[in-house]
Amino acid sequence: MTEHNNVQTLNQFIIQRQAEYPNASGELSRLLHHIGIASKIVNRAVNKAGLVDVLGAHGDQNVQGEDQQKLDVFADTHFINALRGSGECAAIASEENEDIIIFDDAMGRNAKYVFCMDPLDGSSNIDVNVSIGTIFSIYQRVSKKGELPTKEDFLQEGTKQVAAGYVIYGSSTMLVYTTGNGVNGFTLDPSIGEFCLSHPNIKTPKNGKIYSINEGNYINLPGGVKKYIKYCQEKDPKTNRPYTSRYIGSLVADFHRNLLKGGIFIYPNTSANSNGKLRLLYECNPIAFIAEQAGGKATNGVERILKIKPDSIHQRVPFYTGSSAMVKKAEDFLDFFNNI
Ligand SMILES: O=P(O)(O)OC[C@H]1O[C@](O)(COP(=O)(O)O)[C@@H](O)[C@@H]1O
Ligand SMILES: [Mg+2]
Ligand SMILES: [Mg+2]
């Protein structure tokens with residue numbers, strides 16, 4: 001095993017990137033640094049989950065009506081603390097909290113950014129040692145510094161994100177993010193406790209051979225999606241079909257695999273969930289920003305996810321993301337099927 005000699009840590013990368021923006025004031029850099037700290041704290045608990053008290057249900061339900069897992073609450077708490085301590089965050093919208101969390105102190109009131117997060121993604125996989133993640137998105141607030149932030153600071157189109165990313169707690173722990181200037185991946189080196197640049201300038205293949213959808217929902221799926229699944233399963237060597245079906249059940253892990261290898265992830269609306277399951281602000285928008293920055297595509301089956309104007313903090317949307325040609329093909333099936 002040869003180790004890379006010239007490792008660049010996340011902090012070194014952030015500082016180098018900041019230097020490319022003469023007017024940058026360092027606030028976003030400090031925020032990204034504190035996201036790194038919170039990710040390491042959550043990673044430490046995930047790595048020894050069976051030995052520390054983070055497995056199993058927490059006992060409460062969140063605003064989504066889901067049973068909160070202990071690790072959901074653990075991650076939520078530690079990200080909130082790290083972001084409060086950064087002094088660069090005015091408020092947070094989190095999957096685990098009904099309302100926005102406002103940092104009503106001098107630092108918070110004068111902070112420039114607001115933060116959206118899914119502190120622990122893939123909760124159904126926590127207790128069974130399958131990859132899970134954290135997803136985040138950062139916006140510049142629209143309310144003035146000095147004032148108390150409001151929900152309006154969060155109900156911005158995804159195109160307004162200044163940064164977005166995810167952490168995947170898998171066989172290795174990685175942080176993947178964008179500030180609108182390409183996508184870079186950092187692997188946590190436990191021996192030095194630092195995220196190090198391992199996947200510079202990630203580009204996703206235009207086409208792939210993997211489709212990811214929970215086929216357990218098949219009977220409730222829209223007709224166009226059923227047809228697209230059949231298309232993925234048909235034999236046609238010219239178009240690399242049949243594709244391979246892969247579904248982990250953690251959005252971060254399913255998306256990350258397809259990002260690197262090429263593929264499509266679909267969580268559509270179903271007859272049971274007319275708006276699908278995944279949340280626009282802290283799941284779909286950040287993943288869509290990454291997908292597009294890597295040359296991929298992200299839609300609700302019809303329009304760009306990033307162009308959807310949110311109307312509520314925990315709003316759900318149908319989600320189609322991954323290799324651009326595959327998402328386009330799925331949209332064509334939806335369009336055709338909706339118009340017959
Ligand atoms: O079990 P299902 O219906 O396939 O849903 C799986 C999806 O739900 C999620 O677990 C929802 O996210 P949370 O775990 O953060 O609530 C996604 O990670 C995943 O893609
Ligand atoms: Mg999630
Ligand atoms: Mg979650």
Side-chain angles (χ1 to χ4, degrees), residues 35-64 66-83 92 94-97 115-137 164-177 185-190 195 198-199 210 212-214 216 246-261 263 265 267 277-279 281-287 290-291 314 316 319 321-322:
I35 293 166
I37 293 172
S39 307
K40 291 178 201 174
I41 294 171
V42 174
N43 176 65
R44 184 181 58 188
V46 170
N47 279 356
K48 54 183 180 184
L51 303 173
V52 286
D53 186 22
V54 290
L55 293 182
H58 182 262
D60 300 330
Q61 280 211 334
N62 64 18
V63 62
Q64 336 273 339
E66 295 159 348
D67 293 332
Q68 284 183 315
Q69 303 302 301
K70 286 181 182 165
L71 202 56
D72 286 324
V73 176
F74 180 91
D76 190 51
T77 306
H78 285 280
F79 270 89
I80 291 170
N81 291 348
L83 290 159
I92 296 178
S94 164
E95 178 194 1
E96 300 308 330
N97 295 271
F115 189 82
C116 306
M117 69 174 177
D118 176 355
L120 204 288
D121 178 64
S123 305
S124 63
N125 283 324
I126 294 171
D127 293 358
V128 290
N129 205 356
V130 171
S131 298
I132 49 182
T134 293
I135 313 174
F136 65 88
S137 165
Y166 57 82
V167 184
I168 177 165
Y169 311 102
S171 42
S172 69
T173 292
M174 280 187 69
L175 189 155
V176 175
Y177 82 101
F186 300 79
T187 300
L188 182 61
D189 180 341
F195 282 102
S198 55
H199 296 67
I210 298 170
S212 314
I213 183 168
N214 183 342
R246 288 281 184 277
Y247 192 73
I248 295 169
S250 296
L251 167 63
V252 165
D254 281 310
F255 174 76
H256 186 72
R257 178 203 49 244
N258 295 356
L259 178 73
L260 300 181
K261 290 197 167 220
F265 172 88
Y267 208 111
K277 176 179 183 176
L278 301 176
R279 284 54 60 119
L281 251 64
Y282 40 78
E283 289 174 320
C284 302
N285 266 336
I287 297 287
I290 297 262
H314 302 289
R316 301 172 193 260
F319 197 38
T321 189

For a 4.5 angstrom cut-off between non-hydrogen side-chain atoms, does Val46 reach Ile132? yes

Rounded to the nearest 0.5 Å, what separation is found between the OG1 atom of Thr173 and the CD1 atom of Ile168? 8.5 Å

Might you point out which heavy atoms bring Ser39 and Val167 nearest each other, and give the distance in Å? OG-CG2, 3.3 Å

Can a side-chain donor-acceptor contact be found between Asp72 and Ser123 if the only test is distance below 3.5 angstrom? yes

Does the plane of the ring in Tyr282 sit parallel, tilted or perpendicular to the ring in His314? Use 30° and 60° as the thresholds. perpendicular

May I have all residue pairs that pass salt bridge (Lys or Arg N to Asp or Glu O under 4.0 Å) and include part of residues 118-127, sequence neighbours excluded? none

For the residue pair Phe255 and Tyr166, establish whether any side-chain heavy-atom pair is separated by less than 4.5 Å. yes

One should read off an interatomic distance between Leu175 CG and Lys40 NZ, to the nearest 0.5 angstrom, of 10.0 Å

Side chains of Tyr169 and Thr134: do they bring a donor and an acceptor to under 3.5 Å? yes

Derivation and outcome, side-chain contact (heavy atoms from CB on, under 4.5 Å), residues Gln61 and Glu66: CA-CA 5 Å; Gln61 280 211 334; Glu66 295 159 348; over 6 Å; no

Would you indicate whether Asn81, at its atom CG, is surrounded by more than 12 heavy atoms from other residues, nucleotides or ligands within a distance under 6.0 Å? yes

Compare every heavy atom of Ser212 with every heavy atom of Asn258, then report the nearest pair and how far apart it is. ND2-OG, 3.1 Å

Do Cys116 and Pro286 have side chains that approach each other closer than 4.5 Å (heavy atoms only, starting at C-beta)? no

Carboxylate-amine/guanidinium proximity below 4.0 Å for Lys70 and Asp53: yes

Testing Glu96, Arg279, Lys277 one by one against Gln64 for a side chain to side chain donor-acceptor pair (under 3.5 Å), which residue passes? Arg279

Closest approach of Gly249 and Ser124, non-hydrogen atoms and distance? O-OG, 4.1 Å

Kindly compute the distance separating OH (Tyr247) from CD1 (Ile210), expressed to the nearest 0.5 Å. 15.0 Å

Is there a side-chain contact between Glu95 and Leu120, using heavy atoms and a 4.5 Å cut-off? no

Note: Cys284 and Leu278 closest approach over all heavy atoms is SG-CB, 3.7 Å

Nearest 0.5 angstrom please: Ile290 CD1 to His256 NE2, how far? 10.5 Å

Would a 4.5 Å heavy-atom cut-off, applied to side chains only, mark Asp67 and Gln69 as touching? yes

Side chains of Asn62 and Gln68: do they bring a donor and an acceptor to under 3.5 Å? no

Take Asn285 and Ser137, measure what side chain to side chain donor-acceptor pair (under 3.5 Å) needs, and give me the verdict at the end. CA-CA 8 Å; Asn285 266 336; Ser137 165; over 6 Å; no

In this structure, CZ of Phe74 is separated from CD1 of Ile41 (nearest 0.5 Å) by 7.0 Å

Please give me the minimum heavy-atom distance between Phe195 and Met174, naming the atom from each residue. CE2-C, 4.1 Å

Do Thr321 side-chain atoms and Phe265 backbone N/O form a donor-acceptor pair below 3.5 Å? no

Can you tell if the side chain of Asp76 reaches within under 4.5 Å of the side chain of Asn97, non-hydrogen atoms only? yes

Under the criterion side chain to side chain contact (heavy atoms under 4.5 Å, CB included), which of Ile35, Ile135, Ile80 is the partner of Met117? Ile80

Measure the CG-NE2 distance between Leu71 and His78 for me, rounded to the nearest 0.5 Å. 9.5 Å

Closest approach of Leu251 and Phe319, non-hydrogen atoms and distance? CD1-CE2, 4.2 Å

Asn125/Ser131 under side chain to side chain donor-acceptor pair (under 3.5 Å): CA gap, chis, key distance, verdict: CA-CA 7 Å; Asn125 283 324; Ser131 298; over 6 Å; no

With ring-ring contact (aromatic ring centres under 6.0 Å, His included) as the test, would you mind laying out the steps for His199 and Phe186 before giving the verdict? CA-CA 6 Å; His199 296 67; Phe186 300 79; 9.6 Å; no

Looking at Leu281, is its backbone amide N or carbonyl O close enough to the side chain of Glu283 to form a donor-acceptor pair, meaning the two atoms are under 3.5 Å apart? no

